[in-house]
There are 2 protein chains.
Amino acid sequence: MVTADERLNEILTVLRRGAKRVTAAKRVVATVLLEADRHLTAEELSILALRRQPDISSSTIYRILEEFESLGIVVHAHLGQGAAVFHLAGSEHAHLTCDECGATLEVAAHHFDALGRELYSSYGFTLNRHHVAISGTCDSCREITQKTLPNS
Amino acid sequence: MVTADERLNEILTVLRRGAKRVTAAKRVVATVLLEADRHLTAEELSILALRRQPDISSSTIYRILEEFESLGIVVHAHLGQGAAVFHLAGSEHAHLTCDECGATLEVAAHHFDALGRELYSSYGFTLNRHHVAISGTCDSCREITQKTLPNS
DNA sequence: TTAGATGCAAAGACTTTGCGCACTT
DNA sequence: AAGTGCGCAAAGTCTTTGCATCTAA
């Protein structure tokens with residue numbers, strides 16, 4: 001079992017190895033990410049960070065997230081239309097997002113294995129399953145649409 | 001062979017059937033879309049439209065595109081990071097976009113058939129291959145990355 | 001005639017940037 | 001002491017909206 005403190009220290013170690021400074025704001029951002037353990041928009045992260053330390057500006061949040069991402073500490077993803085979401089690296093998964101209602105669904109990555117191989121061999125393209133959500137229509141919205149437009 | 005005028009008239013007919021008014025601005029937008037025959041951002045469309053008729057505001061462009069989309073005349077897609085792109089409906093295809101350089105690649109839709117079936121049967125999710133580009137790394141950027149970071 | 005369409009300007013959502021001071025190293 | 005990082009405010013990008021005017025039907 002890895003404690004929260006140990007995970008925080010791992011992050012701070014990565015920062016030091018990257019020749020970055022360990023600041024109060026970075027500790028707060030790292031702590032919030034560890035505690036939340038889910039997707040957070042920059043704004044949600046900002047709100048949670050402010051509870052722990054007033055006067056953290058959102059520009060600082062964005063700068064810290066950018067730095068964390070360049071060091072491989074976090075990744076971000078674009079789900080539906082709204083703001084990007086961030087979370088700790090290491091649990092990348094694919095997302096489906098419904099164009100109608102905006103709901104998002106995390107799905108097992110293996111569904112994309114065959115597609116990834118095909119795109120690589122046909123186009124030299126390396127699929128990133130995590131970064132951008134796959135768009136479509138979710139189960140409930142499809143049912144609604146079918147009821148509303150029974151002719152098609 | 002369908003002439004440009006005939007295609008324009010088809011669009012105007014769809015407008016009338018939708019109980020919408022046929023205005024000068026809509027004619028211009030339709031003409032630009034027909035002539036361009038490629039992806040255009042709202043801003044590119046705006047610039048091309050202004051050549052044909054001064055004083056078309058970009059809000060009008062957005063409103064017309066929204067109307068055209070609701071009538072099935074155009075579709076829009078989100079490629080990399082930037083603005084959405086619009087084009088006439090009927091030639092939907094999948095897009096790959098490179099997270100590094102922003103290049104986009106149109107690919108045959110059949111690559112996504114198997115994935116579409118799997119997502120539908122596993123999650124009831126209806127894949128929309130066209131709306132959002134699939135993200136990843138293109139051939140050239142991958143090669144550059146490998147040269148830059150030969151250790152991994 | 002009259003409901004819908006347009007132009008203009010302003011607002012809105014999300015993110016980035018410039019600048020001078022504070023804090024880490 | 002040196003220089004990175006921070007807060008604040010402003011700017012930037014893309015898109016939507018309010019409102020008065022105009023116009024297609």
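All chains are named by letter (A, B, ...) in the order of the sequence lines, taking the proteins before the strands, and each is independently numbered beginning at 1. For the numbers below, each heavy atom of this structure counts, side chains included, while hydrogens, waters and symmetry mates do not.
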CD1/B:Ile134 to CG/A:Asn128 distance, rounded to the nearest 0.5 angstrom?
10.5 Å
Which distance, rounded to the nearest 0.5 Å, do you find between the CG of A:Leu50 and the OG of A:Ser57?
9.0 Å
Which of C:dA5, D:dC6, D:dT4 is nearest the side chain of A:Arg21? It is D:dT4
Select from B:Arg16 and B:Thr41 the residue whose nearest nucleotide in DNA chain D is closer to the 5' end of that strand.
B:Thr41
To the nearest Å, give me how far apart CD (B:Glu67) and C1' (C:dG4) are.
10 Å
Whole-Å distance between D:dT23 P and B:Leu15 CG?
19 Å
Does anything in residues 70-85 of chain B come within less than 4.0 Å of DNA chain D? Heavy atoms only, and list the residues if so.
B:Ala83, B:Ala84
Whole-Å distance, A:Leu45 CG to C:dC14 P, equals 15 Å
Of A:Thr23 and B:Ala42, whose closest DNA chain D nucleotide lies nearer the 5' terminus?
A:Thr23
Has the side chain of A:Glu6 got a donor or acceptor atom that lies under 3.5 Å from a matching backbone atom of A:Thr3?
yes
Indicate whether OP1 or OP2 belonging to C:dA5 is found under 4.0 Å from a side-chain N or O atom of B:Lys26.
yes
Let me know the distance between CG of A:Leu12 and P of D:dG5, rounded to the nearest Å.
14 Å
For a quick check of understanding: with a heavy-atom distance under 4.0 Å over all strands, which category does B:Glu66 fall into, base, sugar-phosphate or nothing?
nothing
Geometric class of the A:His76/A:His131 ring pair [parallel <30°, tilted 30-60°, perpendicular >60°]
perpendicular
Mind telling me whether B:His111 and A:Tyr123 have parallel, tilted or perpendicular rings, with 30° and 60° as the class edges?
perpendicular
Just how far is it from atom CG of A:Leu15 to atom CZ of A:Phe68, taken to the nearest 0.5 Å?
5.0 Å
Measure up the B:His39 and B:His93 rings against each other and bin them: parallel (under 30°), tilted (30 to 60°), perpendicular (over 60°).
tilted
Got a sec: does the CD of A:Glu66 have more than 12 other heavy atoms crowding it under 6.0 Å?
no
Please check if A:Tyr62 and A:Val29 belong to a single hydrophobic cluster, counting links between Ile, Leu, Val, Met, Phe, Trp and Tyr side chain heavy atoms closer than 4.5 Å.
no
At a heavy-atom distance below 4.0 Å, what parts of residues 48-64 of chain A sit against DNA chain D?
A:Asp55, A:Ile56, A:Ser57, A:Ser59, A:Thr60, A:Arg63, A:Ile64
